[in-house]
Amino acid sequence: MSSSPRETLSDDVDKKESTSTSGILTDEERRLAEATDLAEPVTTKKELWGWYTFAWAMDGYTAATSSVFQPLIIAAMATAGGRSTIDHMSKCDSSAACEVLFGTVWVTPTSYSLYSSAIAVLVQVWTPSPNTSSRTIIWNSKVYMFFFVFVGCISVMLWLALIDNTWYYGANILNIVGNVCYGAAYVFYVSYIPKLARNHPEVLAATTEEEKDEKMVFRTSRISIFGNAFGFFGGFIQMILGVGVLLGMHQTLLSLRVATFVGGVWWAIFSIVPIFLLKRRPGPPLPKGEYFIIYSWKQMYKKFRYAYKLAHLFILLLFWFFVSDAASTILKVAVLFAQNEVNVSSTMILIGAMVELLAAVPGMLIWHWIQGRFKLKLKTIIFAVTMLAGFVPLYVLGGLAPTPGGFKSTPEFIFLCAYYGLMQPALVAFSRALYSQLIPKGHENEMFSLFSITTAGGGWIGPLITGAIGDATGQMRYSMIFVAATMYVPLVLLYFLDVDKGLAQARLFTEQEKAEEEAKNTMELETKS
């Protein structure tokens, strides 16, 4: 039985992938690139595995280290270094509530941990990262990506050096450095999604624009989903190691720091593989006289100025600004709420986090199957998952009533972790997959940098406001009102998102940019002549 052209193409590319990994185009890749007006190498299985391995290495930072271990450490250190609410002079004891100075304001240790997360993310927003996709410095971009990775790894491992249990300010600094490095590396990581999808053999083999668009949607979703699945599964394994450390060391504060250290080692070791498997994928050349860091910020400023030309992409960005904030805040608040108000043990909190990570992989695959089985658009999937994810804060608010349920026991915590794991990772994967389709060609790095800034920009608001609500009311449960609102109200924006118009705007933007560049070059030639 003869093979289809698509299968033949995929097989031919896989045979040559050892050569193309170095960034040099093979004859087959060059033929395909010329035929499809692409100056990029064809995506191979080996490169996809490299990208998935990168997710396996780094996603444990958000799934376990920064979302579970570090907030617990900061809250414990703030309690150890806190003072009694009675006189703010004597140390905390079992008979008095604790408060700790956050700048010049006295706050609870739980709120201090949330404020710490807010500051870390806020610093990440305003920290510039080299995100241009210029062909002339693309190798430097890859070097920068792994520079941020390994600085981040070191900052995570240094938590073990916090030998004094009252050094909560030191924990704050390491928290900021880790978040900044993870955010910078994440920009490069996710910018590969549209590049890998549009250069996949199956997409290149499409014979019509309609077939090509259909294959792009499928491949973009699949790559994003599989990347998330690998990341969450890696986080699950990392969480198992953390639980083992806690049980072996009798659930002490030192054991939490050791578990954090293990996460840093994990991140460092598995980040070595992608160095050799990910290809260099250049974008448009850097204009003469420009410096790539300054140029990348100028390009992002330009995108904001011309937001009306990419209106539907920015509608999606605004939607994601609020929803990602709610999604990340739910996990941070749930961990602290479980520990301080439901009295869930540290071991059960880690088991709940493991359940959430374990549910993430089948959850994403199930939603991916639903999308393919019923031919659902990404916008429809995102709407459905957001609606279902919003059940978590509503359920917690139900606990205000004097009735059973509403997150008042450890079994409920485990249930909510499993439920949330089925929803939140899929929401992230499908949202970034849809976003990647609306990006003008050649602007993947800077636009995903904008996506990362948007995610981080919202990521500090939730912890800040929920911490303030907790301080004002004395009960973290009321903060779920804000979380539920930021999850559901943005669905109005999703209603006005027109994906087809967004795709047309991206193509028109690319064409206009190309015409402007050609006109500029023509004028320069005429001036010289």
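What you see is a predicted model; the values in this text were computed from it and never measured.
Annotation: side chain of Thr220 is not in contact with side chain of Pro194 (no heavy-atom distance under 4.5 Å). With contacts defined as side-chain heavy-atom distances shorter than 4.5 Å, the pair Glu47/Leu196 qualifies. Between Leu494 and Pro490 there is no side-chain heavy-atom pair separated by less than 4.5 Å. Side-chain contact between Val499 and Lys377: absent, with no pair of heavy atoms (C-beta onward) separated by less than 4.5 Å. By the 4.5 Å heavy-atom criterion applied to side chains, Val392 and Gln424 are not counted as neighbours. Residues Gln505 and Leu313 are not in side-chain contact: their nearest non-hydrogen atoms beyond the backbone lie 4.5 Å or more apart. Between Pro274 and Phe146 the shortest side-chain heavy-atom distance falls below 4.5 Å. Side-chain atoms of Ile223 and Tyr192, non-hydrogen and from C-beta on, never get closer than 4.5 Å to each other.
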Anything under 3.5 Å between a donor and an acceptor, one on a side chain of residues 238-246, the other on a protein residue two or more places apart or in another chain? List them.
{"residue": "Gln238", "atom": "NE2", "partner": "Thr65", "partner atom": "OG1", "Å": "2.9"}

Tabulate below the donor-acceptor pairs under 3.5 Å that side-chain atoms of residues 259-266 make, not counting sequence neighbours, or state none.
{"residue": "Thr260", "atom": "OG1", "partner": "Leu256", "partner atom": "O", "Å": "3.0"}
{"residue": "Trp266", "atom": "NE1", "partner": "Trp56", "partner atom": "O", "Å": "3.1"}

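Closest non-hydrogen pair, Gly227 versus Ala55, comes out as O-CB, 3.2 Å. Across all their heavy atoms, Ile193 and Arg432 have their closest contact at CD1-NE, 3.6 Å. Heavy-atom minimum distance, Lys279 versus Pro41: CD-CG, 3.8 Å. Here the closest heavy-atom approach between residue Thr43 and residue His200 is recorded as OG1-N, 3.7 Å. Shortest non-hydrogen contact noted between Gly502 and His312 is CA-CB, 3.8 Å. Contact between Gly178 and Tyr61 at its shortest, heavy atoms only, is C-OH, 3.1 Å.
No option in Leu493, Leu438, Leu310 other than Leu438 meets the side-chain contact (heavy atoms from CB on, under 4.5 Å) test with Leu316. Phe218 pairs in a side-chain contact (heavy atoms from CB on, under 4.5 Å) with only one of the listed residues (Lys215, Met216, Arg222), which is Arg222.
Considering OG1 of Thr386 and CZ of Phe322, their distance stands at 14.0 Å, rounded to 0.5 Å. Residue Met157 holds its CE atom at 12.0 Å from CG of Leu174, rounded to the nearest 0.5 Å. Considering CG of Leu277 and OG1 of Thr44, their distance stands at 8.5 Å, rounded to 0.5 Å. Summarising the geometry, atom CD1 belonging to Ile439 is positioned 9.0 Å from atom CZ belonging to Arg198; distances are rounded to the nearest 0.5 Å. Atom-to-atom distance recorded for Ser155:OG and Trp267:CH2 is 6.5 Å, nearest 0.5 angstrom. With rounding to the nearest 0.5 Å, the separation of CD1 in Ile381 from CZ in Phe374 is 9.5 Å.
Although no hydrogens or angles enter the test, the distance criterion places no donor-acceptor pair under 3.5 Å between the side chain of Ser431 and the main chain of Val428. With hydrogens and angles disregarded, no donor-acceptor distance shorter than 3.5 Å links the side chain of Asn175 to the backbone of Ala171.
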Let me see the working for Tyr435 and Leu317 under side chain to side chain contact (heavy atoms under 4.5 Å, CB included), right down to the final yes or no. CA-CA 8 Å; Tyr435 179 79; Leu317 268 180; 3.6 Å; yes
Just do the side chain to side chain contact (heavy atoms under 4.5 Å, CB included) check on Phe430 and Ile225 with the steps written out, would you? CA-CA 7 Å; Phe430 284 116; Ile225 284 287; 3.9 Å; yes
Do Asp59 and Phe233 pass the side chain to side chain contact (heavy atoms under 4.5 Å, CB included) test, and can you show the C-alpha distance, the side-chain angles, and the key distance before you say yes or no? CA-CA 9 Å; Asp59 280 3; Phe233 191 63; over 6 Å; no
Take Met354 and Leu358 through the test side chain to side chain contact (heavy atoms under 4.5 Å, CB included) and record every step on the way to the result. CA-CA 6 Å; Met354 287 171 57; Leu358 189 61; over 6 Å; no
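Within 6.0 Å of the OH atom in Tyr52, the count of heavy atoms belonging to other residues, nucleotides or ligands exceeds 12.
Partners of Arg219 by salt bridge (charged side-chain N to carboxylate O under 4.0 Å, His left out), not counting sequence neighbours, listed by chain and number: Glu202.
Trp51 and Tyr189 have parallel rings, their planes meeting at less than 30° on a 0 to 90° scale where 60° marks the start of perpendicular.
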